[in-house]
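The figures that follow rest on heavy atoms only: side chains count, while hydrogens, waters and symmetry mates do not. Ligands are counted one by one from 1 in listed order, and the atoms in each one are counted from 1 as well. Here the structure is a predicted model, which is why all the values come from computation and not from measurement.
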Amino acid sequence: MAEGFLWYAGIPFPTKFCKTEDIRAAHEQFVVKDKDIITVTYPRSGTNWMIEILCLILSKGDPEWIRSVPMWERCLSIESELGSKIIRDMKEGPRLLTSHLPFQLFPKSFLTSKAKVIYVLRNPKDVLVSRYYFICQSKFMKNPESLQQYDEWFIQGNVAYGSWFAHVLGWMSMRESKSVLVLSYEALKKDTRSTVEKICQFLGKKLEPEELDLVVENSSFQAMKENKMSNYSSMDRNYISANVEMIRKGMVGDWKNHLTVAQAEAFDKIFQEKMAGFPPELLPCD
Ligand code: A3P
């Protein structure tokens with residue numbers, strides 16, 4: 001089991017970013033407003049990419065905002081101490097918010113609001129590899145000894161925000177709701193433009209074709225990697241270590257470069273057991 005966690009409702013959270021009272025406040029007291037747009041993910045599933053896209057949709061593709069204001073000020077985390085304080089003082093929406101909370105700990109007030117959630121999921125084997133590199137680069141918690149060890153922690157759910165399987169199953173239970181749009185990182189990669197159009201439709205935003213082009217262009221992997229306001233290179237080093245690559249490879253199927261055949265097969269077996277009954281086209285694991 002990795003170190004650097006607090007446990008809340010049976011789920012490990014990173015002590016560096018969350019406190020018990022913040023998670024409880026997020027769940028029980030946080031007031032979601034009708035115009036809120038909330039990106040929800042299991043970590044390393046494409047959170048920052050979605051936030052960049054949403055910022056660009058709101059500014060009709062104009063990159064001025066994303067190039068002048070850091071990502072973490074444009075979109076605040078519901079469950080972080082700092083985020084929740086600033087959110088309380090924000091003016092009427094649309095407020096861009098983000099969360100890694102599992103559905104059962106998400107603000108209760110969401111269910112009686114008209115707010116919109118975009119849930120981004122990603123092939124768990126790519127999430128596993130992406131998280132492994134992120135954790136090894138950051139200094140916030142004890143590093144796993146190897147990818148094999150992290151694989152074991154990940155499958156057991158002994159990692160920050162708990163089990164990928166439980167997180168995805170919880171949020172997938174909301175996929176028929178008009179207030180929740182479930183998207184995959186893979187679909188976003190395969191056809192970014194039409195996925196962005198789908199997001200616009202969900203949010204009731206009408207963009208001109210050239211504005212859509214700008215959203216796609218300014219949220220590309222390369223554009224985000226080069227943008228100091230989006231690549232976290234300008235974030236306070238108390239929160240992120242200098243060598244962390246938030247925007248790392250941006251590939252679909254990078255797990256093939258890291259997991260052995262035996263590791264991948266063992267993972268797939270557990271995936272089949274835990275996700276039985278879900279349409280495979282909704283849950284990428286190839
Ligand atoms: P990799 O580590 O596989 O490269 P999150 O924002 O939830 O932490 O997710 C991080 C993952 O999204 C990283 O994956 C990162 O490189 C990828 N990512 C970030 N911006 C992206 C973009 N514009 N296009 C494709 N992938 C992107």
Enquirer: Between Y133 and ligand 1, which residue portion shows a heavy-atom distance shorter than 4.0 Å: side chain, backbone, both, or neither?
Expert: neither
Enquirer: Once you restrict to heavy atoms under 4.0 Å, what part of S219 touches ligand 1? Side chain, backbone, both or neither.
Expert: backbone
Enquirer: Non-hydrogen atoms of D254 versus ligand 1: any pair closer than 4.0 Å?
Expert: no
Enquirer: Just which atoms of ligand 1 are under 4.0 Å from any heavy atom in M224?
Expert: 20 (N), 23 (N)
Enquirer: Hey, mind stepping through E273 and K269 against salt bridge (Lys or Arg N to Asp or Glu O under 4.0 Å) and telling me if it holds?
Expert: CA-CA 6 Å; E273 283 163 19; K269 194 164 172 286; 3.6 Å; yes
Enquirer: Could you tell me if any non-hydrogen atom of M246 lies under 4.0 Å from any atom of ligand 1?
Expert: yes
Enquirer: In terms of atom number and element, which parts of ligand 1 are under 4.0 angstrom from non-hydrogen atoms of S220?
Expert: 23 (N)
Enquirer: Look at atom 16 (O) of ligand 1 and say which protein heavy atom is nearest, naming residue and atom and giving the distance to 0.1 Å.
Expert: R248 N, 2.8 Å
Enquirer: Strictly under 4.0 Å, does any heavy atom of M251 approach an atom of ligand 1?
Expert: no
Enquirer: Check this for me: does any side-chain nitrogen of one of D126 and R44 sit under 4.0 Å from a carboxylate oxygen of the other?
Expert: no
Enquirer: Looking at N48, which atoms of ligand 1 are within less than 4.0 Å of one of its heavy atoms?
Expert: 5 (P), 6 (O), 8 (O)
Enquirer: Out of curiosity, does Y161 fall in the hydrophobic cluster containing L6 (side-chain heavy atoms, cut-off under 4.5 Å, transitive links)?
Expert: yes
Enquirer: Taking heavy atoms and a distance under 4.0 Å, where does K249 meet ligand 1: side chain, backbone, both or neither?
Expert: both
Enquirer: Before accepting this row, confirm whether a basic side-chain N of the pair K125/D254 lies closer than 4.0 Å to the acidic partner's carboxylate O.
Expert: no
Enquirer: What protein heavy atom sits nearest atom 7 (O) of ligand 1, and how far off is it?
Expert: T47 OG1, 2.4 Å
Enquirer: May I ask whether R122 places a heavy atom under 4.0 Å from ligand 1?
Expert: yes
Enquirer: Mark the output for F134 as yes if a heavy-atom distance to ligand 1 is under 4.0 Å, and as no if none is.
Expert: no
Enquirer: List the steps, then state whether ring-ring contact (aromatic ring centres under 6.0 Å, His included) holds for W49 with Y185.
Expert: CA-CA 9 Å; W49 190 12; Y185 176 96; 5.3 Å; yes
Enquirer: Please determine if R44 has a nitrogen or oxygen closer than 3.5 Å to a nitrogen or oxygen of ligand 1.
Expert: yes
Enquirer: Quick check on ring pair (Phe, Tyr, Trp, His ring centres under 6.0 Å): which of Y150, Y133, Y132 does H258 satisfy it with?
Expert: Y133
Enquirer: Can you list everything that forms a ring-ring contact (aromatic ring centres under 6.0 Å, His included) with H27? Sequence neighbours excluded, please.
Expert: none
Enquirer: Determine whether E208 and K60 satisfy the following criterion, salt bridge (Lys or Arg N to Asp or Glu O under 4.0 Å), listing intermediate values before the conclusion.
Expert: CA-CA 8 Å; E208 296 302 326; K60 293 184 176 284; over 6 Å; no
Enquirer: Please work out which of W255, W49, Y42 has its closest non-hydrogen atom nearest to atom 20 (N) of ligand 1.
Expert: W49
Enquirer: Which one of F154, F106, Y119 satisfies the ring pair (Phe, Tyr, Trp, His ring centres under 6.0 Å) criterion with H167?
Expert: Y119
Enquirer: Cut-off 3.5 Å, side chains only: do S230 and R74 have a donor facing an acceptor?
Expert: yes
Enquirer: Just need the protein heavy atom nearest to atom 17 (C) of ligand 1, so name the residue and atom and give the distance.
Expert: Y185 OH, 3.9 Å
Enquirer: Check K116, K205, M50 against I199 for a side-chain contact (heavy atoms from CB on, under 4.5 Å) and give me the one that passes.
Expert: M50
Enquirer: Please say whether P43 places an N or O atom under 3.5 Å from an N or O atom belonging to ligand 1.
Expert: no
